[in-house]
Number of protein chains: 2
Amino acid sequence: MSAVGAGDLTGSRGRIDKRQAILDAAFAVFAREGYAQAGVDAIAAEAGVAKATVYNHFGDKETVLRQTVGLLAEQALAQNLAAVGRLTDTGGDLRALLEDVGLSLAHCYCDERSWTLRRLLLSEFSRFPDLLGLVFGQVNDRVIEALADRLARLALAGRLHVTDPVAAAEQFAALLGSPLDKRTRLGTRDVSDEEIRAVVSAAAGTFLKAFAAP
Amino acid sequence: MSAVGAGDLTGSRGRIDKRQAILDAAFAVFAREGYAQAGVDAIAAEAGVAKATVYNHFGDKETVLRQTVGLLAEQALAQNLAAVGRLTDTGGDLRALLEDVGLSLAHCYCDERSWTLRRLLLSEFSRFPDLLGLVFGQVNDRVIEALADRLARLALAGRLHVTDPVAAAEQFAALLGSPLDKRTRLGTRDVSDEEIRAVVSAAAGTFLKAFAAP
DNA sequence: ATCCGACCAGACTCGTGAGTCCAATTCGGG
DNA sequence: CCCGAATTGGACTCACGAGTCTGGTCGGAT
(Lines give C-alpha, C1' and ligand atoms only; values in the text may rest on other atoms or scores of the structure.)
Protein backbone atom coordinates (compact mmCIF):
# COMPACT_ATOMS: atom_id res chain seq x y z
CA MET A 1 0.00 0.00 0.00
CA SER A 2 2.40 2.73 1.13
CA ALA A 3 5.97 1.76 0.29
CA VAL A 4 7.37 4.73 -1.57
CA GLY A 5 10.64 6.60 -1.44
CA ALA A 6 12.83 7.78 1.38
CA GLY A 7 11.55 8.21 4.90
CA ASP A 8 8.68 5.83 5.50
CA LEU A 9 7.59 6.37 9.10
CA THR A 10 4.09 5.43 8.11
CA GLY A 11 1.22 7.89 8.36
CA SER A 12 -0.48 7.32 11.67
CA ARG A 13 1.95 8.80 14.16
CA GLY A 14 4.79 10.39 12.27
CA ARG A 15 4.67 14.13 11.75
CA ILE A 16 5.72 13.59 8.20
CA ASP A 17 3.88 11.32 5.73
CA LYS A 18 0.71 13.22 6.05
CA ARG A 19 1.27 13.46 2.34
CA GLN A 20 0.82 9.78 1.68
CA ALA A 21 -2.16 9.64 4.00
CA ILE A 22 -3.75 12.44 2.03
CA LEU A 23 -3.14 10.70 -1.28
CA ASP A 24 -4.69 7.48 0.01
CA ALA A 25 -7.67 9.33 1.41
CA ALA A 26 -8.06 11.33 -1.77
CA PHE A 27 -8.16 8.17 -3.83
CA ALA A 28 -10.83 6.70 -1.60
CA VAL A 29 -12.96 9.82 -1.54
CA PHE A 30 -12.59 10.67 -5.22
CA ALA A 31 -13.49 7.11 -6.10
CA ARG A 32 -16.48 7.10 -3.81
CA GLU A 33 -17.90 10.50 -4.70
CA GLY A 34 -16.30 11.67 -7.91
CA TYR A 35 -14.10 14.71 -8.30
CA ALA A 36 -16.78 17.37 -8.32
CA GLN A 37 -18.66 16.01 -5.32
CA ALA A 38 -15.65 15.16 -3.23
CA GLY A 39 -15.00 17.93 -0.74
CA VAL A 40 -11.48 18.74 0.28
CA ASP A 41 -12.89 18.72 3.78
CA ALA A 42 -13.94 15.12 3.31
CA ILE A 43 -10.50 14.15 2.03
CA ALA A 44 -8.85 15.84 4.97
CA ALA A 45 -11.19 14.14 7.39
CA GLU A 46 -10.59 10.73 5.82
CA ALA A 47 -6.85 11.32 6.04
CA GLY A 48 -7.11 12.42 9.66
CA VAL A 49 -5.62 15.76 8.77
CA ALA A 50 -6.59 19.41 8.76
CA LYS A 51 -7.81 20.92 5.53
CA ALA A 52 -5.02 23.50 5.63
CA THR A 53 -2.50 20.67 5.56
CA VAL A 54 -3.91 19.44 2.30
CA TYR A 55 -3.41 22.89 0.82
CA ASN A 56 0.09 23.07 2.32
CA HIS A 57 1.08 19.94 0.45
CA PHE A 58 -0.73 20.25 -2.83
CA GLY A 59 -1.89 23.80 -3.34
CA ASP A 60 -5.24 22.93 -4.78
CA LYS A 61 -7.74 20.18 -5.35
CA GLU A 62 -6.80 19.53 -8.94
CA THR A 63 -3.19 18.86 -8.01
CA VAL A 64 -4.35 16.36 -5.42
CA LEU A 65 -6.20 14.50 -8.13
CA ARG A 66 -3.31 14.53 -10.56
CA GLN A 67 -0.80 13.29 -7.99
CA THR A 68 -3.17 10.59 -6.86
CA VAL A 69 -3.84 9.34 -10.34
CA GLY A 70 -0.20 9.56 -11.34
CA LEU A 71 0.90 7.45 -8.43
CA LEU A 72 -1.73 4.81 -8.97
CA ALA A 73 -1.05 4.63 -12.67
CA GLU A 74 2.61 4.02 -11.99
CA GLN A 75 1.79 1.14 -9.69
CA ALA A 76 -0.66 -0.34 -12.15
CA LEU A 77 1.90 -0.16 -14.93
CA ALA A 78 4.47 -2.00 -12.83
CA GLN A 79 2.02 -4.76 -12.00
CA ASN A 80 0.97 -5.26 -15.60
CA LEU A 81 4.52 -5.33 -16.89
CA ALA A 82 5.37 -7.94 -14.29
CA ALA A 83 2.48 -10.04 -15.52
CA VAL A 84 3.57 -9.76 -19.14
CA GLY A 85 7.09 -10.65 -18.09
CA ARG A 86 5.89 -14.14 -17.26
CA LEU A 87 5.35 -14.78 -20.96
CA THR A 88 8.59 -16.59 -21.67
CA ASP A 89 8.89 -19.63 -23.86
CA THR A 90 9.78 -22.55 -21.64
CA GLY A 91 9.31 -25.02 -24.42
CA GLY A 92 6.26 -26.37 -22.60
CA ASP A 93 2.58 -26.22 -23.42
CA LEU A 94 1.85 -22.96 -25.21
CA ARG A 95 -1.75 -22.89 -24.14
CA ALA A 96 -0.89 -23.29 -20.48
CA LEU A 97 1.64 -20.50 -20.80
CA LEU A 98 -0.85 -18.13 -22.39
CA GLU A 99 -3.45 -18.96 -19.80
CA ASP A 100 -0.98 -18.33 -17.02
CA VAL A 101 -0.08 -14.91 -18.34
CA GLY A 102 -3.69 -14.14 -19.16
CA LEU A 103 -4.69 -15.00 -15.65
CA SER A 104 -2.03 -12.74 -14.19
CA LEU A 105 -3.17 -9.90 -16.41
CA ALA A 106 -6.78 -10.55 -15.55
CA HIS A 107 -5.96 -10.35 -11.88
CA CYS A 108 -4.21 -7.02 -12.37
CA TYR A 109 -7.19 -5.86 -14.37
CA CYS A 110 -9.76 -6.96 -11.81
CA ASP A 111 -7.89 -5.71 -8.81
CA GLU A 112 -10.02 -3.39 -6.72
CA ARG A 113 -7.55 -0.51 -6.99
CA SER A 114 -7.25 -1.02 -10.68
CA TRP A 115 -10.97 -0.88 -11.26
CA THR A 116 -11.38 2.11 -9.02
CA LEU A 117 -8.63 3.96 -10.82
CA ARG A 118 -10.11 3.22 -14.21
CA ARG A 119 -13.56 4.29 -13.09
CA LEU A 120 -12.20 7.49 -11.64
CA LEU A 121 -10.34 8.20 -14.84
CA LEU A 122 -13.39 7.59 -16.97
CA SER A 123 -15.57 9.69 -14.69
CA GLU A 124 -13.38 12.73 -14.75
CA PHE A 125 -12.33 12.30 -18.31
CA SER A 126 -14.43 15.19 -19.55
CA ARG A 127 -12.88 17.53 -17.01
CA PHE A 128 -9.30 16.25 -17.42
CA PRO A 129 -8.87 14.70 -20.85
CA ASP A 130 -5.10 14.77 -20.49
CA LEU A 131 -5.26 12.35 -17.58
CA LEU A 132 -6.85 9.70 -19.70
CA GLY A 133 -4.34 10.44 -22.40
CA LEU A 134 -1.54 9.92 -19.92
CA VAL A 135 -2.88 6.61 -18.75
CA PHE A 136 -3.79 5.37 -22.20
CA GLY A 137 -0.47 6.39 -23.62
CA GLN A 138 1.86 5.70 -20.74
CA VAL A 139 0.27 2.59 -19.28
CA ASN A 140 -1.92 0.85 -21.79
CA ASP A 141 0.35 1.32 -24.77
CA ARG A 142 3.40 0.24 -22.86
CA VAL A 143 1.76 -2.94 -21.75
CA ILE A 144 0.65 -3.70 -25.29
CA GLU A 145 4.15 -2.98 -26.51
CA ALA A 146 5.71 -5.30 -23.96
CA LEU A 147 3.23 -8.00 -24.83
CA ALA A 148 3.98 -7.53 -28.51
CA ASP A 149 7.68 -8.04 -27.80
CA ARG A 150 7.01 -11.35 -26.14
CA LEU A 151 4.69 -12.49 -28.88
CA ALA A 152 7.30 -11.60 -31.47
CA ARG A 153 9.81 -13.81 -29.74
CA LEU A 154 7.36 -16.67 -29.67
CA ALA A 155 6.80 -16.13 -33.36
CA LEU A 156 10.53 -16.17 -34.05
CA ALA A 157 10.77 -19.41 -32.13
CA GLY A 158 8.20 -20.79 -34.53
CA ARG A 159 5.53 -21.32 -31.94
CA LEU A 160 3.17 -18.62 -33.15
CA HIS A 161 2.25 -17.36 -36.55
CA VAL A 162 1.82 -13.62 -36.26
CA THR A 163 2.66 -11.03 -38.85
CA ASP A 164 1.90 -7.95 -36.78
CA PRO A 165 2.82 -8.52 -33.15
CA VAL A 166 1.30 -5.25 -31.96
CA ALA A 167 -2.03 -6.03 -33.58
CA ALA A 168 -1.96 -9.50 -32.09
CA ALA A 169 -1.16 -8.11 -28.66
CA GLU A 170 -4.04 -5.67 -28.95
CA GLN A 171 -6.39 -8.44 -29.88
CA PHE A 172 -5.29 -10.62 -27.03
CA ALA A 173 -5.85 -7.72 -24.67
CA ALA A 174 -9.25 -7.09 -26.22
CA LEU A 175 -10.26 -10.72 -25.88
CA LEU A 176 -9.28 -10.53 -22.25
CA GLY A 177 -10.49 -7.10 -21.23
CA SER A 178 -13.84 -6.71 -22.93
CA PRO A 179 -15.46 -9.78 -21.43
CA LEU A 180 -14.12 -8.79 -18.03
CA ASP A 181 -15.59 -5.32 -18.41
CA LYS A 182 -18.90 -6.87 -19.16
CA ARG A 183 -18.86 -9.64 -16.55
CA THR A 184 -17.86 -7.32 -13.75
CA ARG A 185 -19.99 -4.41 -14.89
CA LEU A 186 -16.92 -2.20 -14.79
CA GLY A 187 -15.79 -3.70 -11.56
CA THR A 188 -18.98 -3.13 -9.64
CA ARG A 189 -19.84 -6.78 -9.48
CA ASP A 190 -17.77 -9.53 -7.96
CA VAL A 191 -16.77 -12.31 -10.25
CA SER A 192 -15.77 -15.73 -9.06
CA ASP A 193 -12.32 -16.97 -9.84
CA GLU A 194 -13.85 -19.69 -12.00
CA GLU A 195 -15.56 -17.08 -14.13
CA ILE A 196 -12.29 -15.24 -14.63
CA ARG A 197 -10.59 -18.49 -15.46
CA ALA A 198 -13.28 -19.22 -18.04
CA VAL A 199 -12.81 -15.84 -19.68
CA VAL A 200 -9.06 -16.31 -19.79
CA SER A 201 -9.45 -19.77 -21.18
CA ALA A 202 -11.81 -18.60 -23.91
CA ALA A 203 -9.48 -15.74 -24.80
CA ALA A 204 -6.43 -17.99 -24.97
CA GLY A 205 -8.38 -20.56 -26.95
CA THR A 206 -9.53 -18.13 -29.58
CA PHE A 207 -6.15 -16.46 -29.74
CA LEU A 208 -4.39 -19.75 -30.31
CA LYS A 209 -6.89 -20.95 -32.88
CA ALA A 210 -6.14 -17.78 -34.76
CA PHE A 211 -2.39 -17.54 -34.24
CA ALA A 212 -0.91 -20.90 -33.28
CA ALA A 213 1.76 -22.09 -35.65
CA PRO A 214 0.31 -24.64 -38.07
CA MET B 1 -32.03 14.17 -35.72
CA SER B 2 -35.33 14.96 -34.04
CA ALA B 3 -37.97 12.72 -35.65
CA VAL B 4 -39.91 11.27 -32.76
CA GLY B 5 -43.57 10.74 -32.11
CA ALA B 6 -46.66 12.71 -32.89
CA GLY B 7 -46.68 16.45 -33.52
CA ASP B 8 -43.31 17.56 -34.79
CA LEU B 9 -43.61 21.29 -35.34
CA THR B 10 -39.95 21.55 -34.65
CA GLY B 11 -38.60 23.50 -31.73
CA SER B 12 -38.04 27.04 -32.90
CA ARG B 13 -41.54 28.38 -33.24
CA GLY B 14 -43.99 25.73 -32.13
CA ARG B 15 -45.48 26.13 -28.68
CA ILE B 16 -45.04 22.45 -28.06
CA ASP B 17 -41.80 20.53 -28.64
CA LYS B 18 -39.94 22.62 -26.17
CA ARG B 19 -39.54 19.22 -24.62
CA GLN B 20 -37.49 17.81 -27.45
CA ALA B 21 -35.45 20.98 -27.66
CA ILE B 22 -34.64 20.64 -23.98
CA LEU B 23 -33.60 17.02 -24.36
CA ASP B 24 -31.31 17.87 -27.26
CA ALA B 25 -29.80 20.78 -25.39
CA ALA B 26 -29.41 18.70 -22.25
CA PHE B 27 -27.52 16.06 -24.17
CA ALA B 28 -25.19 18.66 -25.60
CA VAL B 29 -24.58 20.41 -22.32
CA PHE B 30 -24.25 17.27 -20.20
CA ALA B 31 -21.82 15.88 -22.73
CA ARG B 32 -19.79 19.04 -22.80
CA GLU B 33 -19.65 19.76 -19.08
CA GLY B 34 -20.66 16.64 -17.23
CA TYR B 35 -23.70 16.28 -15.03
CA ALA B 36 -22.41 18.05 -11.95
CA GLN B 37 -21.02 21.06 -13.80
CA ALA B 38 -23.88 21.46 -16.22
CA GLY B 39 -26.21 24.15 -14.96
CA VAL B 40 -29.91 23.89 -15.62
CA ASP B 41 -29.59 27.53 -16.64
CA ALA B 42 -27.13 26.52 -19.32
CA ILE B 43 -29.41 23.78 -20.60
CA ALA B 44 -32.33 26.18 -20.75
CA ALA B 45 -30.24 28.76 -22.57
CA GLU B 46 -29.00 26.20 -25.09
CA ALA B 47 -32.57 25.08 -25.69
CA GLY B 48 -33.74 28.66 -26.09
CA VAL B 49 -36.14 28.19 -23.22
CA ALA B 50 -36.71 29.58 -19.75
CA LYS B 51 -35.37 27.64 -16.81
CA ALA B 52 -38.88 27.35 -15.40
CA THR B 53 -39.94 25.50 -18.54
CA VAL B 54 -37.35 22.86 -17.90
CA TYR B 55 -38.77 22.35 -14.45
CA ASN B 56 -42.29 22.33 -15.87
CA HIS B 57 -41.44 19.45 -18.13
CA PHE B 58 -39.10 17.35 -16.04
CA GLY B 59 -39.35 18.34 -12.42
CA ASP B 60 -35.68 18.16 -11.68
CA LYS B 61 -32.24 17.88 -13.17
CA GLU B 62 -31.86 14.17 -12.58
CA THR B 63 -35.01 13.40 -14.54
CA VAL B 64 -33.70 15.44 -17.43
CA LEU B 65 -30.60 13.27 -17.48
CA ARG B 66 -32.53 10.00 -17.28
CA GLN B 67 -34.90 10.93 -20.07
CA THR B 68 -32.04 12.11 -22.24
CA VAL B 69 -30.02 8.97 -21.75
CA GLY B 70 -33.03 6.72 -22.17
CA LEU B 71 -33.95 8.26 -25.49
CA LEU B 72 -30.44 8.11 -26.86
CA ALA B 73 -29.97 4.53 -25.71
CA GLU B 74 -33.11 3.52 -27.55
CA GLN B 75 -31.86 5.05 -30.75
CA ALA B 76 -28.46 3.46 -30.37
CA LEU B 77 -30.03 0.05 -29.82
CA ALA B 78 -32.11 0.36 -32.98
CA GLN B 79 -29.09 1.30 -35.06
CA ASN B 80 -26.99 -1.55 -33.76
CA LEU B 81 -29.73 -4.11 -34.28
CA ALA B 82 -30.13 -2.92 -37.83
CA ALA B 83 -26.43 -3.42 -38.40
CA VAL B 84 -26.50 -6.93 -37.01
CA GLY B 85 -29.52 -7.66 -39.16
CA ARG B 86 -27.31 -7.42 -42.22
CA LEU B 87 -25.55 -10.61 -41.14
CA THR B 88 -27.47 -13.02 -43.34
CA ASP B 89 -25.91 -15.90 -45.21
CA THR B 90 -26.11 -15.10 -48.90
CA GLY B 91 -23.93 -18.02 -49.86
CA GLY B 92 -21.23 -15.56 -50.90
CA ASP B 93 -17.87 -14.77 -49.42
CA LEU B 94 -18.05 -15.16 -45.66
CA ARG B 95 -15.22 -12.77 -45.03
CA ALA B 96 -16.82 -10.01 -47.06
CA LEU B 97 -20.06 -10.55 -45.21
CA LEU B 98 -18.40 -10.30 -41.82
CA GLU B 99 -16.51 -7.22 -42.84
CA ASP B 100 -19.66 -5.59 -44.09
CA VAL B 101 -21.47 -6.18 -40.82
CA GLY B 102 -18.39 -5.26 -38.83
CA LEU B 103 -18.12 -2.01 -40.70
CA SER B 104 -21.76 -1.19 -40.05
CA LEU B 105 -21.30 -1.91 -36.37
CA ALA B 106 -18.11 0.11 -36.28
CA HIS B 107 -19.90 3.06 -37.80
CA CYS B 108 -22.63 2.83 -35.18
CA TYR B 109 -19.95 2.60 -32.54
CA CYS B 110 -17.96 5.55 -33.82
CA ASP B 111 -20.92 7.79 -34.44
CA GLU B 112 -20.56 11.09 -32.65
CA ARG B 113 -23.78 10.66 -30.69
CA SER B 114 -22.84 7.17 -29.75
CA TRP B 115 -19.47 8.18 -28.38
CA THR B 116 -20.92 11.12 -26.55
CA LEU B 117 -23.58 8.96 -24.97
CA ARG B 118 -21.04 6.38 -23.86
CA ARG B 119 -18.75 9.01 -22.41
CA LEU B 120 -21.61 10.63 -20.56
CA LEU B 121 -22.67 7.27 -19.19
CA LEU B 122 -19.18 6.45 -18.03
CA SER B 123 -18.73 9.88 -16.51
CA GLU B 124 -21.84 9.81 -14.42
CA PHE B 125 -21.63 6.16 -13.68
CA SER B 126 -20.62 6.67 -10.07
CA ARG B 127 -23.58 8.93 -9.45
CA PHE B 128 -26.09 6.81 -11.40
CA PRO B 129 -24.95 3.22 -11.53
CA ASP B 130 -28.38 2.04 -12.64
CA LEU B 131 -28.06 4.01 -15.87
CA LEU B 132 -25.01 2.07 -16.90
CA GLY B 133 -26.78 -1.11 -15.86
CA LEU B 134 -29.69 -0.19 -18.09
CA VAL B 135 -27.51 0.48 -21.07
CA PHE B 136 -25.28 -2.52 -20.53
CA GLY B 137 -28.21 -4.82 -19.99
CA GLN B 138 -30.75 -3.40 -22.41
CA VAL B 139 -28.51 -2.35 -25.25
CA ASN B 140 -25.21 -4.16 -25.17
CA ASP B 141 -26.57 -7.54 -24.17
CA ARG B 142 -29.33 -7.39 -26.75
CA VAL B 143 -26.92 -6.64 -29.51
CA ILE B 144 -24.68 -9.51 -28.44
CA GLU B 145 -27.69 -11.76 -28.29
CA ALA B 146 -28.84 -10.80 -31.77
CA LEU B 147 -25.34 -11.30 -33.09
CA ALA B 148 -25.18 -14.69 -31.43
CA ASP B 149 -28.40 -15.69 -33.17
CA ARG B 150 -26.95 -14.88 -36.55
CA LEU B 151 -23.70 -16.66 -35.81
CA ALA B 152 -25.64 -19.71 -34.72
CA ARG B 153 -27.41 -19.82 -38.05
CA LEU B 154 -24.14 -19.56 -39.89
CA ALA B 155 -22.86 -22.43 -37.78
CA LEU B 156 -25.92 -24.52 -38.58
CA ALA B 157 -25.36 -23.83 -42.24
CA GLY B 158 -21.90 -25.28 -41.81
CA ARG B 159 -20.06 -22.08 -42.55
CA LEU B 160 -18.76 -21.44 -39.06
CA HIS B 161 -17.49 -23.72 -36.35
CA VAL B 162 -18.71 -22.27 -33.07
CA THR B 163 -19.76 -24.18 -30.00
CA ASP B 164 -20.90 -21.23 -27.93
CA PRO B 165 -22.50 -18.55 -30.14
CA VAL B 166 -22.80 -16.03 -27.32
CA ALA B 167 -19.14 -16.33 -26.44
CA ALA B 168 -18.21 -15.99 -30.09
CA ALA B 169 -20.42 -12.93 -30.46
CA GLU B 170 -18.80 -11.37 -27.43
CA GLN B 171 -15.38 -12.00 -28.82
CA PHE B 172 -16.25 -10.53 -32.17
CA ALA B 173 -17.56 -7.45 -30.43
CA ALA B 174 -14.42 -7.27 -28.32
CA LEU B 175 -12.18 -7.57 -31.35
CA LEU B 176 -14.11 -4.73 -32.91
CA GLY B 177 -14.70 -2.42 -29.98
CA SER B 178 -11.46 -2.46 -28.03
CA PRO B 179 -9.23 -1.34 -30.88
CA LEU B 180 -11.72 1.37 -31.74
CA ASP B 181 -11.72 2.57 -28.14
CA LYS B 182 -7.99 2.81 -28.29
CA ARG B 183 -7.64 4.32 -31.76
CA THR B 184 -10.20 7.01 -31.15
CA ARG B 185 -9.19 7.67 -27.55
CA LEU B 186 -12.77 7.12 -26.48
CA GLY B 187 -14.06 9.06 -29.41
CA THR B 188 -12.04 12.18 -28.80
CA ARG B 189 -9.87 11.68 -31.82
CA ASP B 190 -10.99 11.43 -35.39
CA VAL B 191 -10.11 8.27 -37.21
CA SER B 192 -9.95 7.97 -40.93
CA ASP B 193 -12.25 5.57 -42.66
CA GLU B 194 -9.24 3.55 -43.74
CA GLU B 195 -8.21 3.08 -40.16
CA ILE B 196 -11.66 1.85 -39.24
CA ARG B 197 -11.62 -0.45 -42.21
CA ALA B 198 -8.28 -1.82 -41.08
CA VAL B 199 -9.59 -2.54 -37.60
CA VAL B 200 -12.66 -4.25 -39.00
CA SER B 201 -10.55 -6.26 -41.36
CA ALA B 202 -8.22 -7.37 -38.59
CA ALA B 203 -11.15 -8.31 -36.39
CA ALA B 204 -12.86 -10.29 -39.13
CA GLY B 205 -9.59 -11.95 -40.04
CA THR B 206 -8.83 -13.13 -36.53
CA PHE B 207 -12.41 -14.16 -35.96
CA LEU B 208 -12.47 -16.26 -39.10
CA LYS B 209 -9.10 -17.83 -38.44
CA ALA B 210 -10.50 -18.91 -35.12
CA PHE B 211 -14.02 -19.89 -36.14
CA ALA B 212 -14.22 -20.57 -39.87
CA ALA B 213 -15.44 -24.05 -40.71
CA PRO B 214 -12.47 -26.24 -41.60
C1' DA C 1 -63.99 38.53 -26.56
C1' DT C 2 -62.10 36.02 -23.13
C1' DC C 3 -60.22 32.62 -20.34
C1' DC C 4 -56.63 29.00 -19.69
C1' DG C 5 -52.45 27.05 -19.79
C1' DA C 6 -47.89 27.07 -21.48
C1' DC C 7 -44.07 30.11 -21.54
C1' DC C 8 -40.79 33.81 -20.24
C1' DA C 9 -37.43 36.86 -17.59
C1' DG C 10 -35.31 37.39 -13.75
C1' DA C 11 -35.03 37.90 -8.84
C1' DC C 12 -34.66 35.24 -4.68
C1' DT C 13 -33.50 31.51 -1.08
C1' DC C 14 -30.59 28.22 0.41
C1' DG C 15 -27.02 24.93 0.63
C1' DT C 16 -22.46 23.60 -0.49
C1' DG C 17 -17.77 23.68 -1.45
C1' DA C 18 -13.03 25.98 -2.75
C1' DG C 19 -9.59 28.42 -0.92
C1' DT C 20 -7.80 31.82 2.84
C1' DC C 21 -6.46 33.37 7.28
C1' DC C 22 -5.07 33.12 11.95
C1' DA C 23 -4.02 32.06 16.60
C1' DA C 24 -2.79 28.09 19.24
C1' DT C 25 -0.19 23.67 19.46
C1' DT C 26 3.18 20.17 18.70
C1' DC C 27 7.12 18.00 17.09
C1' DG C 28 12.05 17.70 15.52
C1' DG C 29 16.58 19.15 15.38
C1' DG C 30 20.39 21.86 17.20
C1' DC D 1 15.70 23.49 26.25
C1' DC D 2 14.26 26.33 22.73
C1' DC D 3 13.37 27.86 17.77
C1' DG D 4 11.07 27.15 13.59
C1' DA D 5 8.47 24.52 10.59
C1' DA D 6 4.58 21.78 10.13
C1' DT D 7 -0.02 21.13 11.78
C1' DT D 8 -4.46 22.10 13.65
C1' DG D 9 -9.34 23.65 14.19
C1' DG D 10 -12.38 26.70 12.93
C1' DA D 11 -14.15 30.85 11.19
C1' DC D 12 -14.54 33.46 7.07
C1' DT D 13 -15.14 35.02 2.04
C1' DC D 14 -16.71 34.15 -2.31
C1' DA D 15 -18.81 31.98 -6.16
C1' DC D 16 -21.95 29.01 -8.10
C1' DG D 17 -25.93 26.26 -8.88
C1' DA D 18 -30.63 23.89 -7.68
C1' DG D 19 -35.07 24.84 -7.20
C1' DT D 20 -38.97 28.37 -6.19
C1' DC D 21 -41.78 32.27 -7.02
C1' DT D 22 -43.87 36.23 -9.22
C1' DG D 23 -45.74 39.05 -12.52
C1' DG D 24 -46.44 39.35 -17.00
C1' DT D 25 -46.88 37.66 -22.26
C1' DC D 26 -48.79 35.03 -25.87
C1' DG D 27 -51.48 31.63 -28.48
C1' DG D 28 -55.36 28.84 -28.99
C1' DA D 29 -59.82 26.90 -27.89
C1' DT D 30 -64.69 27.88 -26.43
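Predicted model only: the values in this text are computed from it and were never measured. All values below come from the heavy atoms of this structure, side chains included, with hydrogens, waters and symmetry mates left out. To find a chain, count down the sequence lines: A is the first, B the second, and so on, and within it residues start at 1.
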Undergrad: OP1 or OP2 of D:dT7 versus the side-chain N and O atoms of A:H57: is any pair under 4.0 Å?
TA: yes
Undergrad: Mind checking side chain to side chain contact (heavy atoms under 4.5 Å, CB included) for A:E46 and listing every partner two or more places apart, or none if nothing turns up?
TA: A:A25, A:A28, A:V29, A:R32
Undergrad: Tell me, which pairs form a ring pair (Phe, Tyr, Trp, His ring centres under 6.0 Å) where one or both residues lie in residues 172-207 of chain A, sequence neighbours left out?
TA: A:F172-A:F207, A:F207-A:F211
Undergrad: Please name all residues satisfying side chain to side chain contact (heavy atoms under 4.5 Å, CB included) with A:T68, sequence neighbours left out, ordered by chain then number.
TA: A:L23, A:A26, A:F27, A:V64, A:L72
Undergrad: Let me have a per-nucleotide readout for nucleotides 16-21 of chain D, 5' to 3', with B, S or -, counting only protein heavy atoms under 4.0 Å.
TA: --SBB-
Undergrad: Take the C1' atoms of the five end pairs on each side of the helix from C:dA1-D:dT30 to C:dG30-D:dC1, derive the two axes, and give their angle rounded to 10 degrees.
TA: 10°
Undergrad: Side chains of residues 79-90 of chain B: which donor-acceptor partners sit under 3.5 Å, not counting sequence neighbours?
TA:
from, atom 1, to, atom 2, distance (Å)
B:R86, NE, B:D100, OD2, 3.2
B:R86, NE, B:S104, OG, 3.2
B:R86, NH2, B:D100, OD1, 3.1
B:R86, NH2, B:D100, OD2, 3.3
B:T88, OG1, B:G85, O, 3.4
B:T88, OG1, B:R150, NH1, 3.1
B:D89, OD1, B:G91, N, 2.9
B:D89, OD1, B:R159, NH1, 3.0
B:T90, OG1, B:G92, N, 3.4

Undergrad: Taking atom CD as the centre, does B:E74 end up with more than 12 heavy-atom neighbours from other residues, nucleotides or ligands that are less than 6.0 angstrom away?
TA: no
Undergrad: State which residues pass side chain to side chain contact (heavy atoms under 4.5 Å, CB included) with A:D111; sequence neighbours excluded, sorted by chain then number.
TA: A:R113, A:S114
Undergrad: Whole Å only: how far is the CD atom of B:Q20 from the P atom of C:dA6?
TA: 19 Å
Undergrad: Considering residues at least two apart in sequence or located in another chain, which fulfil the side chain to side chain contact (heavy atoms under 4.5 Å, CB included) criterion with B:E145?
TA: B:V166
Undergrad: Check whether any side-chain nitrogen or oxygen of A:T53 sits under 4.0 Å from OP1 or OP2 of D:dT8, and answer yes or no.
TA: yes
Undergrad: Could you give all pairs that pass the ring pair (Phe, Tyr, Trp, His ring centres under 6.0 Å) test and reach residues 32-73 of chain A, with sequence neighbours left out?
TA: A:F30-A:Y35, A:Y35-A:F128
Undergrad: Please give, in whole Å, the distance from C:dC7 P to B:F58 CZ?
TA: 11 Å
Undergrad: Whole-Å distance between D:dA6 P and A:D17 CG?
TA: 14 Å
